Amino acid sequence: MSQLLVRGGRALAGEVTIQGAKNSVLPILAATILARGQVVLRGCPALRDVDASVRILQSLGCEARWEADTLAVDTTALNSCGISDILMREMRSSAIFLGAILARCGRADISYPGGCELGPRPIDLHLSGLRDLGTEIREEGGFLHCTAPRLTGRELVLSLPSVGATENLMLAACGAEGVTVISNAAREPEIVDLQEFLNACGADVAGAGTSSVTIRGRRPMHGCEYRCMPDRIVTATYLCAAASAGGEIFLRGARECHLATVTAALRQAGCTIDSDGTGISCLCRQRLRAVRPVRTAPYPGFPTDAQAVLMAALLRSRGATVFEENIFENRYRHVDELIRMGAEIRVAGRVAVVTGVETLSGAAVRCTDLRGGAALCVAALAAEGETRIFETGHIDRGYQDIAGDLRALGAAASRTE
Ligand code: EPU
C-alpha cells in the first residue's frame with residue numbers, strides 16, 4: 001500500500017505542465033468505439049480510471065497501445081457487446097460505454113456501475129434518454145440487457161444537466177437515424193472536448209457548451225489524432241496548493257477560461273492570478289482571507305470537484321467561509337481528516353463552515369475519495385511537520401503523479417510503497 005508524505009511549511013516556487021483531463025479522456029475512450037480505424041490520443045494521462053477504460057476496450061476485442069504519453073486505440077476488431085460486472089464496478093463512469101456500444105452493435109449487456117463514495121450515483125437519465133432513442137432495456141439482477149436494432153433521433157429533455165447522461169446520449173445519437181437534440185444538456189468544457197473529438201472522427205455534433213446539443217446521426221466515422229484538453233480540476237488543485245503554502249507557481253497549458261469561478265474565489269482570498277495563452281501563474285504572499293459563500297453548481301458554476309481543494313486552501317484564512325455542496329450528497333468526507341490536522345469545520349447537511357485557524361499540524365490521514373485525497377495534500381502543505389496520507393489509490397484515479405508535480409512546484413512531497 002502506498003503512502004504520500006508531505007512536509008509542510010515551505011513556500012512553493014516552480015512550474016508544471018498540466019496533464020490531460022481525466023473527465024475528457026474517459027468519454028473519448030468510450031467514443032473510440034464509434035470510429036472505425038486508429039485513434040491516436042496525445043497527452044493522455046496515465047491514470048487508474050484510464051487504465052480501467054483501456055481494459056474495458058480490450059475486453060471488447062479492441063486494441064490499445066501506449067507509447068510514452070500517447071494512447072493508440074483501434075476498435076475495428078470489436079467482437080463483443082458485453083462488459084463484465086468486475087470491469088463495470090471498477091470505475092463509476094463505465095456507464096458511458098453503453099451509448100457507444102449500442103450505437104455500434106445495436107445491443108449491449110452491462111451491469112450497474114455500482115455504489116459510489118460520493119453517495120448515490122443513479123443512471124436513470126442515461127437510461128430514459130436511451131429508451132427515448134428506441135432502446136429496449138431489460139433490468140435483471142443488477143444487469144442491463146439493452147437492444148436497439150434501430151436508434152432514431154428525436155428531442156431529449158434532461159431533467160437536470162447531467163454530464164454523464166449528456167455524453168452517453170451524444171454517443172448513442174451518433175448511431176441514430178436522423179437528428180437528436182439534447183435539451184438542458186450539461187455545458188462543461190469536457191462536453192465541448194467530446195464534441196470536437198467526435199467531429200474530428202467524422203461525426204456531426206453542434207452546440208456543446210450551450211444547453212442544447214444537436215447530433216446528426218449515422219455519419220461515417222473514422223480514426224483521428226487528438227489531444228484532449230488540460231485538466232481543469234488538477235489545475236484548480238495546484239492553484240489551491242499555492243494558495244495554501246504561499247509562493248509563486250506557473251501551470252503550463254492550464255486554461256483560466258475553464259475555471260473562472262475558482263480563480264475568482266482565490267483572487268478574493270488574496271492571490272494574484274494571471275493567465276496568458278501558455279498557462280496560469282499564481283502568486284500568494286500573505287495570509288488568505290475568507291471568501292464569499294462557495295456554492296457548487298453545474299458549469300459554469302463552481303465545480304463540485306474543486307470544493308474540497310478550495311476548502312483545504314482556506315483552513316488557515318482570516319475569517320469564516322461557507323460552502324454549500326449541491327451536486328453530490330456525500331462530498332464532505334474529507335472534513336474529518338482535515339479536522340485531525342487541526343482544522344475548524346462544522347458540517348450541517350449540505351453546508352460546511354470553515355473558520356480559519358492559526359496553525360495546522362501534520363497528522364496521519366486517510367483519503368476518502370479522489371478530490372478529498374487531493375485536499376489532504378493541499379492542507380498538508382500548510383501544516384507544521386509531516387503529514388502521512390494513506391489510501392492514495394483514490395488519488396491515482398485522477399492525478400498522474402501528484403507527489404512529482406508538487407515537488408516540481410517546490411514542495412517536500414514523496415511517495416513510499
Ligand atoms: N444524476 C441523476 N441521474 C442520472 C445522472 C446523474 O440523478 O442519471 C445526478 C447525480 O446523482 C448527481 C448529479 O446528477 O447528483 C450530477 O451528476 P452528473 O451526471 O453530472 O455527474 P457524472 O457524470 O456522474 C461527472 C464527473 C464527476 C463530476 C460530475 C459533476 C466524469 C467521469 N465524472 O460525473 O467527476 O463531479 O460530473 O461535475 O466526468 C471527479 O472527477 O472526481 C468526479 C467525481
Side-chain angles (χ1 to χ4, degrees), residues 19-31 45 47-50 52-53 56 90-99 112-132 137 144 156-172 182 184-194 211 228-229 231-237 258-259 261-262 295-309 325-331 333-334 350 367-375 393-400 402:
Q19 68 182 55
K22 166 179 84 78
N23 291 347
S24 188
V25 170
L26 298 179
I28 285 176
L29 285 173
L47 303 169
R48 231 178 79 191
D49 280 5
V50 170
S53 296
I56 289 175
E90 245 179 73
M91 181 182 54
R92 310 304 167 207
S93 53
S94 48
I96 208 78
F97 278 89
L98 184 52
Y112 271 100
C116 174
E117 60 268 11
L118 306 180
R121 225 45 199 268
I123 52 167
D124 54 313
L125 301 177
H126 304 228
L127 300 184
S128 77
L130 292 171
R131 282 193 171 102
D132 288 345
I137 303 175
L144 297 166
L156 305 171
V157 183
L158 297 181
S159 56
L160 58 90
S162 154
V163 175
T166 303
E167 294 166 344
N168 221 341
L169 297 173
M170 282 165 76
L171 299 186
I182 307 173
N184 197 25
R187 291 188 278 162
E188 270 68 2
E190 291 78 7
I191 308 275
V192 179
D193 215 27
L194 179 60
S211 299
C228 63
M229 58 175 269
D231 196 306
R232 64 194 167 100
I233 306 302
V234 171
T235 306
T237 303
H258 290 165
L259 68 170
T261 49
V262 178
R295 300 191 171 90
T296 66
Y299 193 85
F302 190 93
T304 172
D305 293 341
Q307 173 256 104
V309 289
E325 172 55 51
N326 296 309
I327 307 293
F328 291 111
E329 267 179 32
N330 209 2
R331 219 163 190 186
R333 295 177 72 215
H334 49 281
R350 57 174 57 184
C367 299
T368 51
D369 57 82
L370 165 58
R371 308 302 172 188
H394 290 289
I395 298 182
D396 298 338
R397 287 187 36 226
Y399 297 79
Q400 194 163 252
I402 200 168

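All ligand and atom numbering here is 1-based and tracks the order in the structure. In what follows, every heavy atom counts, from backbone to side chain, and hydrogens, waters and symmetry copies are set aside. The structure presented is a predicted model; accordingly, all values stated were derived computationally and were not measured.
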**Request:** Run through ligand 1 for me and note each protein residue having a heavy atom under 4.0 Å from it, chain first, then residue number.
**Result:** K22, N23, S93, L118, P120, R121, P122, I123, D124, L125, H126, L160, S162, V163, G164, T304, D305, I327, F328, R331, L370, R371
**Message:** Is there a side chain to side chain donor-acceptor pair (under 3.5 Å) between E167 and H126? Walk through the geometry before answering.
**Reply:** CA-CA 9 Å; E167 294 166 344; H126 304 228; over 6 Å; no
**Request:** Walk me through it: do R350 and E329 pass the test salt bridge (charged side-chain N to carboxylate O under 4.0 Å, His left out)?
**Result:** CA-CA 7 Å; R350 57 174 57 184; E329 267 179 32; over 6 Å; no
**Item:** Any side-chain heavy-atom pair of V192 and R187 under 4.5 Å
**Value:** no
**Prompt:** Hey, what do you get for CG (L127) to CG (L98), rounding to the nearest 0.5 Å?
**Reply:** 7.0 Å
**Message:** Is there a side-chain contact between P27 and E190 in this structure, where contact means two heavy atoms from C-beta onward sitting under 4.5 Å apart?
**Reply:** no
**Message:** Could you tell me if the side chain of L144 sits less than 4.5 Å from the side chain of I123, heavy atoms only?
**Reply:** yes
